[in-house]
Amino acid sequence: MSSENRSHFSAKVLYARGPARALKVMGSAFEQFAGKKLLQLSDSTVAASQFNWLVMADPVNRVVMLGDATIPTKQEIHRHAEAAVATFLAAFLHPDQR
């Protein structure tokens, strides 16, 4: 196997065991919440991906682009996570819960 093929295989395995698995678990949880009329969604995988990136996009992009000096504090992480949840619920909270 060439190094390019090994690298591609490694990336596929890493994705399958990391982000893809997390999205599947999150999507399954969101389906359960929808079944209890806590969330309203048409595609749990899309909802999971959107929630994931609401939480992760800004902190990850900052560190990747600007370096370790931009790693958020615990308070910043907490504030960001609360805002991400609020945004997610604005889109997906079941009408019976409003």
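None of these values were measured; they are calculated from a predicted model. Quick note: residue numbers are just sequence positions, from 1.
Applying the side chain to side chain donor-acceptor pair (under 3.5 Å) criterion to Glu31, with sequence neighbours excluded, gives Ser44. For His78, the side chain to side chain donor-acceptor pair (under 3.5 Å) partners at least two apart in sequence or on another chain are Glu82. The salt bridge (Lys or Arg N to Asp or Glu O under 4.0 Å) search around Asp58 returns Arg62, not counting sequence neighbours.
Every pair tested for salt bridge (Lys or Arg N to Asp or Glu O under 4.0 Å) that includes a residue from residues 33-55 fails, sequence neighbours excluded, so the list is empty. The side-chain hydrogen bond (donor to acceptor under 3.5 Å, both in side chains) contacts involving residues 16-25 comprise nothing, where partners must be two or more places apart or lie in separate chains.
Rounding to the nearest 0.5 Å gives a distance of 11.0 Å between OG1 of Thr45 and CD of Gln50. Between the CZ atom of Phe51 and the CG atom of Leu41 there is a distance of 13.0 Å, given to the nearest 0.5 Å. Distance check, rounded to the nearest 0.5 Å: CZ of Phe33 to CG of Leu93 gives 12.0 Å. Here Leu54 contributes atom CG and His80 contributes atom NE2; the two are 7.5 Å apart, rounded to the nearest 0.5 Å. Atoms CG and CG, from Asn61 and Leu66 in turn, are 9.0 Å apart once rounded to the nearest 0.5 Å. Interatomic distance, Phe92 CZ to Thr87 OG1, rounded to the nearest 0.5 Å: 11.5 Å.
The minimum heavy-atom distance linking Pro59 with Met56 is given by the pair CD-O, 3.3 Å.
Clustering of Ile, Leu, Val, Met, Phe, Trp and Tyr by side-chain heavy atoms under 4.5 Å joins Ile71 with Val63.
One hydrophobic cluster, built from ILVMFWY side chains closer than 4.5 Å, cannot hold both Val60 and Ile77; they sit in different ones. There is no path of hydrophobic side-chain contacts, each under 4.5 Å, that joins Val46 to Val85. In the hydrophobic clustering of this structure, Leu38 does not group with Val25; members are Ile, Leu, Val, Met, Phe, Trp, Tyr whose side-chain heavy atoms approach within less than 4.5 Å, directly or through other members. Val64 and Tyr15 fall within the same hydrophobic cluster, defined by Ile, Leu, Val, Met, Phe, Trp and Tyr side-chain heavy atoms under 4.5 Å apart, directly or through other members.
Between the side chain of Gln97 and the backbone N or O of His94, no donor-acceptor pair lies under 3.5 Å.
A 4.5 Å side-chain heavy-atom check between Val55 and Phe88 finds every atom pair outside the cut-off.
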